[in-house]
Amino acid sequence: MIGVSRYSSLLSPLGVGQTTLRNRIIMGSMHTRLDMEPNGLKKMATFLAERAKGEVGLIITGGYAPNTAGLIEPGGPILTERSQAWELRRVTDAVRHYGSKICLQILHAGRYAKQPECFGPSDIRTRINKFPPRAMTSTDISETIADYVRCALLAKDAGFDGVEIMGSEGYLINEFTVLRTNDRTDEWGGAEENRHRLPVEIVSGIRAATGPNFLIVYRISALDLVEGGATGDEVSRQAKRIEIAGADILNTGFGWHEARVPTIAYPVPRAAWRFAAARLKKSVDIPVVASNRINTPEVAEDILASGDADLVSMARPMLADPHFARKVREGQADKINICIACNQACLDLIFSNRSATCLVNPRACRETEFDDKKAVKARKIAVIGAGAAGLAAATEASQRGHKVTLFEISDRVGGQINLARAVPGKAEFDEMLRYYSGKLSDEGVELRLNTTPDAEQLKRENFEAVVVATGVSPRLPDIAGIDHPKVISYSDLLGGRKKAGRRVTIIGAGGIGFDVAEYLCHSNPGAEPMSRRLNTVEFMAEWNIDATLATAGGLLGDPLAPVQSRREITILQRRATRPGANLGVSTGWILRSSLAKRDVTMIAGVTYERIDDHGFHVTIEGKPKLIEADTIVVCAGQEANRGSFEKLKYAGIEVHIIGGAREAAELDAMRAVDEGVRIGNAL
Ligand code: NAP
Ligand code: SF4
């Protein structure tokens, strides 16, 4: 068990203005879409109250538009009327009840607004919005400042402790501050002081209207990561102006939404951006917040203890474990469910117009759907298969009070997680294994490795219910020569049992085909396994980031500039659609860019003919072609391992089947954990 004193910086209170935060942990702003659902504010209140109960110091809500032009999308969160403020009291009351502070984020989307009426400082269009912006008039600008002030006053009425002004990520304020998007020649453009005028007027206007007791957090773009962005010195001067205008806390943001550099997904090293927060801290006298890819208490404590920042912002980690701060205080940091930066159940769901949740914690934003009371009758439960689904089911059922035995055919728990964690950048999956291993023993689950029970054994041992979570096996496609020695499966490669040569052809362009290509790109032929996590210096070099911040936007060159590849890799798929089209929205582009930089060839619309000593014979656009390859890696999806499910069913035992065993198509860890937790909760 880890003692409290190890996290003394993280746990120390902070007086800001007239307010005291109970610790240095901020739950960063996240757009969850909860407030867009029926009964949304009730769900949001429950969601945030759970985080307050978990003792987070300060919560910052998702962004609220100060007027309709600032809406990220039609129907998005907005605060323009007293009746809306009155409804938001439900949220602030719920949070206050558990002793956390809460600020409402005010976000004007500017030219990122997905609506035809969007506007910005100039009529310069962004590649990520089909609607071109109209250049704001001086009247638009003064009305917008007044709308920010009105929004802050309404937030005060609603019981918020303060507001956060979103000045980063390429939204309206950020668009005013840099030449990339601001070519105005009036007092709002041109000279740096003019470009900083909008945030300064907004902050000073809010301070004058709300008085000294109201917190103003300003989220500055510490690193734009786009061509034509600000230099580090410009950012420092903006920070000082914002401080003088009346801000209490300076939060940091990294990368515009149109940037071609990953800023929060799993390939980004932990705390990669702390250097930029540390730089800002030297420019101002108000507390500075470090943010992005801070996911463990160790990393957070290190940032604070070293003096790089005064507070840490963690958004997704609060989805993964609402009780992060409480566990740190109680000396139970080792029991925290850590965010693995996959983005699958948070950002990717939001981008497909669904509410966020969390891969490692399916309760997140779904708090009202779970019954956390103990089961009425404790039963003897068997769970077969200790992959993601089985681990989730076993620990959840045990938590409900059942006596659970978890059977695993191999000599270790984790199933497909053991393969995922081998992929570069996906070492965060280690945390999932660590968490579940601890939880198995904490919850008293009996683990039997190297064992597959049959119906007779389960009956003999009087199990009252069985959960089959026996996962999947790689599919072996019906191609002539598939048994050739140069053909290996992705599980043998990622599991370290087989090695690949220099020229590799991959059959299948799904998530695993891309992961395998990434794995091969980062390792020397015949020398797997390899380094699984880039350090910050390697990451900066990979994406051409200027850690000195001397260059505009913090870029040394094109983030997508070619990188020397160690192998010749070809990815094939039969469908004519774009390879990798089904990858996660927020991470697929990173993988596609990484492989494109390394000149990986991707071919769609391929007919597979045969494999022999020369390589892979295929037909492309009606023409036969030989792809010479030393190794062919099969990544052609999976088939369900239904194990003893049918037998158990007919043997009259209560049996449930979950995860890949139930349905291999579209299997991913998100569904596996969700089904595991839900069945464990329902037993
Ligand atoms: P997948 O995404 O369904 O892709 C399977 C690939 O195999 C497809 O490209 C398919 O393309 C090909 N294929 C299917 N049947 C075939 C056959 N009989 N012969 C030859 N080729 C065949 O499955 P996966 O890559 O195994 O991934 C499994 C799950 O994990 C998916 O849900 C995936 O989204 C998730 N995952 C996601 C990521 C990520 O987003 N980064 C990473 C890893 C895993 P054609 O049929 O067109 O040839
Ligand atoms: Fe973190 Fe993944 Fe959960 Fe999102 S879905 S909060 S990235 S673990």
Side-chain angles (χ1 to χ4, degrees), residues 28 30 32 264-268 293 295 314-322 324 337-350 356-365 388 416-417 419-420 422-426 428-429 431-432 435 472-479 482 489-491 494 506-519 571-592 594-595 602-608 618 632-639 659-660 663-674:
M30 270 180 293
T32 58
I264 61 166
Y266 62 85
V268 181
R293 281 296 277 127
N295 62 341
M314 291 182 272
R316 296 169 302 164
M318 295 294 148
L319 288 178
D321 196 329
F324 189 114
N337 199 0
I338 297 290
C339 164
I340 59 172
C342 63
N343 286 354
Q344 278 184 47
C346 49
L347 288 184
D348 286 351
L349 285 192
I350 292 166
T357 180
C358 173
L359 184 147
V360 301
N361 175 25
R363 278 183 172 75
C365 299
Q416 300 278 307
I417 302 172
L419 301 181
V423 173
K426 290 198 172 177
E428 289 288 4
F429 273 96
E431 294 292 348
M432 224 173 141
Y435 174 73
V472 293
S473 300
R475 176 185 290 125
L476 200 61
D478 185 14
I479 302 170
I482 195 77
S489 77
Y490 72 82
S491 63
L494 297 178
I506 296 171
I507 301 178
I512 292 180
F514 270 70
D515 275 356
V516 161
E518 183 74 358
Y519 173 88
I571 307 183
L572 306 177
Q573 126 184 332
R574 299 171 302 175
R575 274 167 297 170
T577 49
R578 184 172 64 130
N582 293 335
L583 297 174
V585 186
S586 64
T587 51
W589 71 271
I590 305 170
L591 268 176
R592 282 191 294 271
S594 172
L595 299 187
M602 298 180 200
I603 314 177
V606 180
T607 305
Y608 304 143
V618 299
I632 295 169
V633 188
V634 181
C635 305
Q638 297 86 18
E639 270 151 16
E663 171 75 77
E666 289 300 316
L667 166 84
D668 56 40
M670 178 171 96
R671 181 166 66 78
V673 175
D674 184 72

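All residue numbers in this chain count up from 1 along the given sequence. No experiment lies behind these values; they were computed from the predicted model shown. Numbering of ligands and ligand atoms starts at 1, following listing order.
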Proximity of Ile512 to ligand 1 by residue part, where a heavy atom lies under 4.0 Å: both
Point-to-point distance, once rounded to the nearest 0.5 Å, from CD1 of Ile512 to CG of Leu419: 7.5 Å
Side chains of Arg578 and Arg592 in contact at under 4.5 Å (non-hydrogen atoms): yes
Any donor-acceptor N/O pair, Asn361 side chain to Leu319 backbone, under 3.5 Å: yes
With Arg293 via salt bridge (Lys or Arg N to Asp or Glu O under 4.0 Å) - residues at least two apart: Glu428
Between CE on residue Met432 and CG on residue Leu359, distance to nearest 0.5 Å: 5.5 Å
Close N or O approach (Ile507, ligand 1; < 3.5 Å): no
Residue selection (non-hydrogen contact nearest atom 41 (N) of ligand 1) among Leu591, Val516, Asp668: Leu591
Ligand 1-proximal atoms of Phe514, by part, heavy-atom distance under 4.0 Å: neither
Location of contacts on Lys426 toward ligand 1, heavy atoms closer than 4.0 Å: side chain
Tyr608 to ligand 1, any heavy atom closer than 4.0 Å: yes
Atom pair CG (Asp515) and CG (Leu595), whose distance is rounded to the nearest 0.5 Å: 9.5 Å
Backbone or side-chain N or O of Ala509 under 3.5 Å from ligand 1 N or O: yes
Point-to-point distance, once rounded to the nearest 0.5 Å, from OH of Tyr608 to CG of Leu572: 5.0 Å
Backbone or side-chain N or O of Arg475 under 3.5 Å from ligand 1 N or O: yes
Pairwise distance CG(Asp668) to CG(Asp674) - rounded to 0.5 angstrom: 10.0 Å
Gln638, any N or O under 3.5 Å of ligand 1 N or O: yes
Nearest neighbour of atom 11 (O) of ligand 1 from the list Arg574, Gln573, Arg575, on a heavy-atom basis: Arg575
2.8 Å shell around atom 1 (Fe) of ligand 2, exclusive bound, protein N/O/S atoms: 1
Sidechain-backbone polar pair: Arg475 side chain, Ala636 backbone, donor-acceptor under 3.5 Å: yes
Positive for side chain to side chain contact (heavy atoms under 4.5 Å, CB included) with Tyr490, one of Val634, Ile506, Val516: Val516
Matching residue for Leu347 among Val585, Thr587, Ile264 - test: side chain to side chain contact (heavy atoms under 4.5 Å, CB included): Ile264
Heavy-atom proximity to atom 37 (C) of ligand 1, best of Ala636, Cys342, Gly511, Pro579: Gly511
N or O pair under 3.5 Å between Thr587 and ligand 1: no
Geometric N/O contact Asn582 with ligand 1, under 3.5 angstrom: no
Heavy-atom pair with the smallest gap, counting every atom of Tyr266 and Pro424: CE1-O, 4.1 Å
Reported CD-to-SG distance for the pair Gln573 and Cys635, which is rounded to 0.5 angstrom: 12.5 Å
Contact partition for Cys635 relative to ligand 1, non-hydrogen atoms under 4.0 Å: backbone
Expected output: side-chain Thr357 to main-chain Pro362 donor-acceptor under 3.5 Å: yes
Per-atom contacts of ligand 1 with Gly584, taking only distances under 4.0 Å to non-hydrogen atoms: 40 (O)
Distance filter under 4.0 Å to Gly508 heavy atoms, resulting ligand 1 atoms: 6 (C), 7 (O), 9 (O)
